[in-house]
Amino acid sequence: MQAVDTIILGAGPTGLSAAHRLIELGQSSFVVFERESEAGGLCRSRLVDGSPLDIGGGHFLDVRRPAVLEWLVRFLPRASWREYDRISTIQVHGTQIDYPFEANLWQLPIERQLDYLESIARAGCVTGAAMPSGFREWITWKLGDRIAADYMLPYNEKIWSMDLSRLGTYWLHKLPSVSFRETLRSCLERKPSGTMPAHAKFLYPVEGGYGRVWEIMGRALGERLLLGRAPRSLDVETLTIDGEYRARRIVTTLPWPELARIAALPSAIREQIGRLEHAAVEVAYRRENLDSTAHWIYVPDPAVPHHRLLLRHNFVPGARGHWTETNARRAGGASGWRHVNEYAYPLNTLAKPTAVQAVTSWAAGKGIVAAGRWGEWEHMNSDVAVEAGWRAAERAVAAG
Ligand SMILES: Cc1cc2nc3c(=O)[nH]c(=O)nc-3n(C[C@H](O)[C@H](O)[C@H](O)COP(=O)(O)OP(=O)(O)OC[C@H]3O[C@@H](n4cnc5c(N)ncnc54)[C@H](O)[C@@H]3O)c2cc1C
């Protein structure tokens, strides 16, 4: 039996950041268990048709968290990243308009602009109607029935592939309000209005794809990173893994059903884990370049299985081709290289907040810190996952 202070489960961005934060805090007694043969989780890249492809889907580093950037460039120097001004579009009415839809109506023919403007004027958030608690109803309340029907409803039905009324709205509070006046102004002035979306500027590695930085972080852990090693059992009373490693505390970044597979848990906790839902995404490569300068394109058309196109030739230097992202429930027709990410999106169902609260507070009582996209069951981007990893390491150390 090996005794260590901390065991970290999972070497995605959260687990890797927790491990390196432990080192910064002067802690050297830890191991990281990772099921795959390489570190990086959803942020990994592979060489496909001669160039890197992000196997977890299109990944871009937002430039808005200076502390995270400063930290990541210690592993992959700033000169090894290229900065891009985001170009992303939405395919509608046989054309493409810039994202976000409501800020770029001015790019459509006048008659369509008028239809959308009328419908925004009737939207609940403009007329002062109470905000609904279900996501499906919220979409129309927020954007009006026309944008809902032509874009937001079909797009969300594709990406989540579930009854949208079962999703909550608690995760949407950060989105800016749609203003009829501002939308009208943007149509009259023929330029975008409102707050710019995430990733307005983003960084992407010049070589190796988005996975490069996480691969380097993994390598820097040396023998403390156990690759190709999925734990077979976890004793939550003694914090022992496989009867071989015993820890004073555990940081878990695993999807909770993975933990439930290997640990004897109280039935109430197992029941709450059963309420946590997720979506799987298939990434499939195609060799052709697309005739667009966009980095990625949203595809709401219900007749097409994929919901997003990633134009690799526009952000991976020297690369050709593009890839599609498709909810695994709608996928299956792609030929050629493809990869299914079983755990891609945690679903923000109405039941989720209570379930996460119950499971994570039970875990905390056992000395298990839950962190990251799956520990917290949150749609967090990798820069936020880095911070989640730091916090988890700090909490683990503070717990003694
Ligand atoms: C389609 C898509 C697009 C995205 N785009 C962006 C973007 O543009 N920019 C951005 O910053 N973020 C983006 N993200 C989010 C980003 O992927 C996550 O924030 C990040 O990967 C979360 O890191 P994590 O370590 O919490 O989880 P993960 O990356 O999922 O890592 C979890 C790790 O646990 C391991 N694991 C699972 N089960 C076991 C087990 N039983 N035993 C041992 N190990 C196990 C996994 O192999 C994995 O390495 C996107 C995500 C998706 C799905």
Side-chain angles (χ1 to χ4, degrees), residues 7-19 31-45 54-65 68-69 72 84 86 88 159-160 197-199 202-204 209-211 213-215 217-218 225-234 241-242 250-263 278-283 295-296 298 306-310 315 323-328 339-347 370-389 391-392:
I7 290 174
I8 298 174
L9 300 178
T14 306
L16 291 168
S17 305
V31 285
V32 184
F33 280 78
E34 169 55 53
R35 178 182 53 193
E36 302 295 334
S37 57
E38 69 246 316
L42 283 168
C43 296
R44 283 174 293 155
S45 307
D54 302 335
I55 66 171
H59 276 77
F60 308 95
L61 182 63
D62 206 330
V63 297
R64 293 183 301 183
R65 281 193 169 67
V68 172
L69 287 191
L72 288 178
Y84 295 84
R86 166 179 176 164
S88 62
I159 189 168
W160 309 123
H199 298 134
F202 64 81
L203 295 175
Y204 192 84
Y210 197 66
V213 65
W214 317 104
E215 183 192 317
M217 281 170 81
L225 173 57
L226 309 177
L227 291 172
R229 184 76 203 262
R232 292 180 305 279
S233 70
L234 162 63
I241 299 261
D242 296 346
I250 287 183
V251 171
T252 176
T253 73
L254 305 194
W256 282 102
E258 287 291 306
L259 215 85
R261 244 175 6 91
I262 59 169
H278 67 280
V281 168
E282 179 195 83
V283 172
H295 301 114
W296 65 91
Y298 299 100
H306 56 260
H307 55 264
R308 193 161 78 129
L309 291 161
L310 278 295
F315 60 89
W323 73 78
T324 56
E325 293 174 10
T326 312
N327 184 299
H339 176 82
V340 176
N341 299 283
E342 175 56 37
Y343 283 94
Y345 288 106
L347 293 178
R373 192 169 179 90
W374 303 108
E376 298 169 63
W377 217 262
E378 285 272 345
H379 281 187
M380 61 176 71
N381 271 341
S382 58
D383 49 339
V384 180
V386 166
E387 289 178 340
R391 275 197 315 272

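Indexing begins at 1, ligand by ligand and atom by atom, following the structure's order. If you're wondering where the values come from, they're calculated on a predicted model, not measured in any experiment.
Each of the atoms 42 (N), 43 (C) of ligand 1 lies under 4.0 Å from some heavy atom of Pro231. If you number the atoms of ligand 1 from 1 as listed, the ones under 4.0 Å from a heavy atom of Ala230 come out as 42 (N). Taking every non-hydrogen atom of Gly41 and a distance limit under 4.0 Å, the qualifying atoms of ligand 1 come out as 29 (O), 31 (O), 48 (C), 49 (O). Against a heavy-atom cut-off of under 4.0 Å, Ala344 is close to the following atoms of ligand 1: 53 (C). Close contacts of ligand 1 with Gly372, meaning ligand atoms under 4.0 Å from a residue heavy atom, involve 26 (O). Each of the atoms 47 (O) of ligand 1 lies under 4.0 Å from some heavy atom of Glu36.
Taking the six-membered ring where the residue is Trp, the centroids of Tyr204 and His295 are separated by 6.0 Å or more. A centroid separation of less than 6.0 Å is found between the aromatic rings of Trp160 and His379. Checked against the 6.0 Å centroid threshold, Phe315 and Phe60 count as a close aromatic pair.
Atom 34 (O) of ligand 1 has its closest protein heavy atom at Gly10 CA, 3.5 Å.
Take Arg308 and apply the side-chain hydrogen bond (donor to acceptor under 3.5 Å, both in side chains) test, not counting sequence neighbours, and it matches Glu325. Judged as a side chain to side chain contact (heavy atoms under 4.5 Å, CB included), and not counting sequence neighbours, the contacts of Glu376 are Ala371, Glu378, Met380, Ala388, Arg391.
If you look at Asn381 next to ligand 1, the close heavy atoms, those under 4.0 Å, come from the backbone and the side chain alike. The parts of Arg35 lying near ligand 1 are both backbone and side chain, judged by heavy-atom distances below 4.0 Å.
Between atom 2 (C) of ligand 1 and the options Ala280, Ala18, Gly56, the minimum heavy-atom separation is to Gly56.
For Tyr345, no nitrogen or oxygen atom sits less than 3.5 Å from a nitrogen or oxygen atom of ligand 1, counting backbone and side chain alike. Annotation: Phe60 places an N or O atom under 3.5 Å from an N or O atom of ligand 1; distance criterion only. Of the polar atoms of Glu325, none of the N or O atoms is found under 3.5 Å from an N or O of ligand 1, judged by distance alone. Between Arg308 and ligand 1, not a single N/O pair is under 3.5 Å apart.
Look at Val281 and you'll find every heavy atom at least 4.0 Å from all atoms of ligand 1.
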